[in-house]
Amino acid sequence: MGMTITEKIIADHSGLKEVHPGQFVYADVDICLGNDITAPIAIEEFEKAGISKVFDPEKIVLVPDHFTPNKDIKSAQQSKSLRVFAEKHHLKHYFEIGRMGIEHALLPEKGIVGPGDLVIGADSHTCTYGALGAFSTGVGSTDLAACFATGKVWLRVPESIRFVFHGKAKSWTSGKDLILYTIGTIGVDGALYKAMEFEGSAISNLPMDDRFAMCNMAIEAGAKSGIIAPDKNTEEYIKGRFKRKPVMYHSDPGCNYVRTYEFNADKITPQVALPSLPENTKPVEEVSGIKIDQIVIGSCTNGRISDLRIAAGILKGKKVHPSIRLIIFPATQEIYKKALQEGLIETFIDAEAVVSTPTCGPCLGGHMGILAEGERALSTTNRNFVGRMGHPKSEIYLCSPAVAAASAITGMITPPDEIIKN
Amino acid sequence: MKGKCWKFGNNINTDEIIPARYLNTTDVKELASHCMEDADPNFMKKIKVDDIIVAGDNFGCGSSREHAPIAIKAAKISCVIAKSFARIFFRNAINIGLPIFECPDAAEQIREGDEIEVNLTAGEILDHTLKKRFRFEPFPKEMQEIIQVGGLMNFVKKKMAVG
Ligand code: SF4
């Protein structure tokens with residue numbers, strides 16, 4: 001029987017001709033990743049085991065991005081442990097502030113990950129790189145420690161669910177809306193342990209930035225990974241970035257999916273996920289008018305250049321509503337610089353928004369925009385769990401950059417076409 | 001593995017297993033003393049060595065913190081049986097050597113207080129109180145091997161010493 005793209009990548013990295021769902025394998029890892037929260041524990045485990053050398057200093061990536069620039073002494077200690085480890089083992093990919101970005105925007109941008117790779121990261125949103133046609137999944141700190149030593153990871157081959165998006169997404173419907181709609185349909189454990197494979201004409205037409213946003217949120221449906229087979233858009237994106245030889249895998253006709261969902265992309269309007277689970281989605285029209293205190297545009301989901309362009313397009317020549325605090329986080333230094341060159345930053349500042357250096361910041365309630373009791377945020381991030389952005393009695397609504405920008409002007413949840421008529 | 005069952009519902013998250021306010025330590029005894037605190041504040045007072053946790057769907061969902069399975073293991077719970085586990089909790093449990101089993105029928109029917117025995121090699125859970133037997137699909141032998149040597153780092157050390 002034919003294999004899915006996910007099965008093919010795992011088989012090739014395990015030295016096997018064929019694998020099937022449920023099978024246990026030890027796979028070779030192309031890239032493994034840790035951040036300032038998870039890597040310190042991995043480093044501790046690695047050292048406790050008395051192993052003196054990492055498997056390959058070119059394949060380990062450390063990104064201090066969650067609490068950086070260090071927000072307090074504890075986070076400074078955590079970041080320091082990464083820096084010391086990186087120096088000691090001559091790691092090629094250690095990203096100090098000033099060079100860093102949010103890990104899941106940074107690795108594709110720097111060409112560290114690419115099509116056909118098998119990637120693990122001690123961060124649940126590692127599934128983002130599936131947008132490049134890679135198998136990429138989040139693991140724990142001990143997994144990372146073991147990978148530092150051996151370059152391998154144990155995996156149970158996941159079953160795949162296919163999501164076909166027919167038609168073409170309407171102008172204000174982004175990748176974020178497609179994935180919110182999907183999670184709303186299948187629930188937060190709708191793809192538990194499984195690989196989510198996205199395809200169809202609406203996906204072929206989707207820019208890379210939107211594909212990253214979709215695969216980023218596969219974990220929000222409980223999935224092990226999200227994946228989109230590489231195509232012309234992918235090739236275009238990796239040109240000049242990815243230096244290794246890309247391997248373009250595709251699912252075989254007749255391969256085995258446990259389930260197929262078919263959606264009509266033209267019918268999907270911008271979505272909003274209500275507190276406190278990403279599955280509580282509603283079309284924006286149904287929740288418009290809800291008053292908001294803070295709006296966040298950024299994160300590994302929606303802090304890329306096209307997200308900022310969309311937001312600036314809506315905010316140009318307008319002001320943020322007096323009752324709103326708008327915080328914008330370009331995801332990487334490169335995105336920040338591009339936004340500066342294109343005049344987007346000026347648009348944001350003229351609109352009276354805050355623009356921050358790249359960091360995870362408020363996405364996990366770390367720093368740079370924590371919510372007080374009873375406050376309500378609208379955010380382009382990926383999780384709206386209780387207390388995620390601050391006080392346990394604050395609320396988070398999730399949306400696309402277009403909805404966030406439109407709402408910043410009115411002070412309440414607003415469909416973008418009410419601000420800009422197409 | 002043999003012990004008394006303590007039962008929990010669906011979607012028990014890592015904050016209930018080990019609340020974030022205790023994450024400023026990696027001392028396993030201290031972590032154990034707060035095990036399941038936000039799901040059942042009296043849990044640690046009630047349990048005995050080798051007792052068993054039985055839960056519903058998606059046990060261990062939420063953050064990827066390894067402190068959650070560590071707290072359960074250090075509390076001397078012998079194993080966790082659930083309808084399903086959240087993915088990263090599942091990995092972390094195997095990696096630190098905490099035995100876990102997926103068995104929807106057992107998770108459904110076993111009652112709090114029942115005397116339970118798990119027979120690994122036979123792939124069987126026995127409820128001595130109910131006098132019932134449940135079968136589960138044993139994990140692949142490779143996964144059992146990791147659990148048996150006490151976790152992934154021990155396993156890696158052994159492999160590296162041999163290889
Ligand atoms: S931006 Fe948010 S979701 Fe993404 S890596 Fe940072 S904390 Fe995690």
Side-chain angles (χ1 to χ4, degrees), chain A residues 22-26 37-38 40-42 44-46 48-51 53 55 74 120-127 137-150 152-158 187-189 191-194 219 222-225 277 364-365 383 385-388 392, chain B residues 10-11 13-16 19-21 23-24 26 38 56-70 82-98 102 137-147 150-161 163:
Chain A
Q23 189 177 342
F24 187 100
V25 299
Y26 285 102
I37 292 184
T38 57
I41 305 172
E44 216 175 274
E45 284 290 318
F46 179 84
K48 223 168 56 197
I51 301 159
K53 255 180 75 182
F55 83 107
K74 254 180 90 186
I120 62 158
D123 187 277
S124 57
H125 292 102
T126 304
C127 50
T137 191
V139 297
S141 292
T142 301
D143 281 303
L144 185 61
C147 191
F148 284 170
T150 62
K152 287 182 189 291
V153 65
W154 65 264
L155 293 169
R156 201 161 57 156
V157 180
V188 292
D189 61 357
L192 198 59
Y193 304 138
K194 299 187 174 62
I219 177 75
K224 182 171 214 147
S225 56
L277 282 177
L364 79 161
R383 282 189 178 144
F385 298 161
V386 173
R388 171 89 177 170
Chain B
N10 291 333
N11 297 312
N13 68 51
T14 47
D15 278 303
E16 292 170 286
R21 57 185 178 275
L23 293 184
N24 52 3
T26 45
D38 283 6
D57 270 317
N58 210 17
F59 185 84
C61 59
S63 90
S64 67
R65 70 182 66 139
E66 286 197 7
H67 308 71
I70 289 173
K83 279 191 192 164
S84 65
F85 293 92
R87 199 187 70 80
I88 300 182
F89 179 91
F90 180 96
R91 293 193 70 85
N92 288 343
I94 306 274
N95 286 344
I96 64 145
L98 170 71
E102 268 180 359
E137 192 72 34
F139 289 145
K141 63 174 188 322
E142 297 90 340
M143 254 186 238
Q144 293 183 29
E145 219 181 315
I146 297 173
I147 297 174
L152 186 62
M153 287 318 277
N154 284 346
F155 181 81
V156 164
K157 276 194 281 185
K158 244 177 87 184
K159 277 261 149 117
M160 290 181 85

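To find a chain, count down the sequence lines: A is the first, B the second, and so on, and within it residues start at 1. Basis for what follows: all heavy atoms, side chains included, without hydrogens, waters or symmetry-related copies.
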A:Ser124 versus B:Arg87, side-chain donor and acceptor atoms under 3.5 Å: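 Checked: B:Arg87/A:Ser124 side chains show no N/O donor-acceptor pair below 3.5 Å.
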Under 3.5 Å donor-acceptor, A:Tyr193 side chain and B:Ser84 backbone: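 Absent.
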Worked verdict on A:Ile41 versus B:Arg65 for side chain to side chain contact (heavy atoms under 4.5 Å, CB included): CA-CA 10 Å; A:Ile41 305 172; B:Arg65 70 182 66 139; over 6 Å; no
For residues [X] and [Y], report the shortest heavy-atom separation together with the two atoms involved.
| X | Y | result |
| --- | --- | --- |
| B:Glu142 | A:Phe24 | CB-CE2, 3.1 Å |
| A:Leu192 | B:Ala86 | CD1-CA, 4.2 Å |
| A:Gly140 | B:Ile88 | N-CG2, 4.1 Å |
| A:Trp154 | B:Arg91 | O-NH2, 2.7 Å |
| B:Met153 | A:Ala49 | CE-CB, 3.8 Å |

Set of side chain to side chain donor-acceptor pair (under 3.5 Å) partners for A:Thr142, sequence neighbours left out: B:Glu66
Top contributor to chain B interface from A:Val188, A:Val139, A:Thr150, A:Leu364 [non-hydrogen pairs under 4.5 Å]: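 Sorted descending by pairs with chain B, the first entry is A:Val139.
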Top of A:Gly138, A:Gly50, A:Ala145 for chain B proximity - count of heavy-atom pairs under 4.5 angstrom: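 Of the candidates given, the most pairs with chain B belong to A:Gly138.
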Which atoms of A:Ile51 approach chain B - backbone, side chain, both or neither, heavy atom under 4.5 Å: side chain
Distance, nearest 0.5 Å, that separates [atom1] of [X] from [atom2] of [Y]:
| X | Y | atom1 | atom2 | answer |
| --- | --- | --- | --- | --- |
| B:Phe90 | A:Arg156 | CZ | CZ | 4.0 Å |
| A:Asp143 | B:Asn95 | CG | CG | 4.0 Å |
| A:Cys147 | B:Leu152 | SG | CG | 10.0 Å |

Cation-aromatic face contact B:Lys159/A:Tyr26, 6.0 Å, 45 degrees: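 Positive - B:Lys159 is close enough to the ring of A:Tyr26 and near enough to its axis.
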Toward chain A, the part of B:Phe89 with a non-hydrogen atom under 4.5 Å: neither
Residues which pass side chain to side chain contact (heavy atoms under 4.5 Å, CB included) with A:Ala122, listed by chain and number, not counting sequence neighbours: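 By the side chain to side chain contact (heavy atoms under 4.5 Å, CB included) rule, A:Ala122 matches A:Thr38, A:Leu144.
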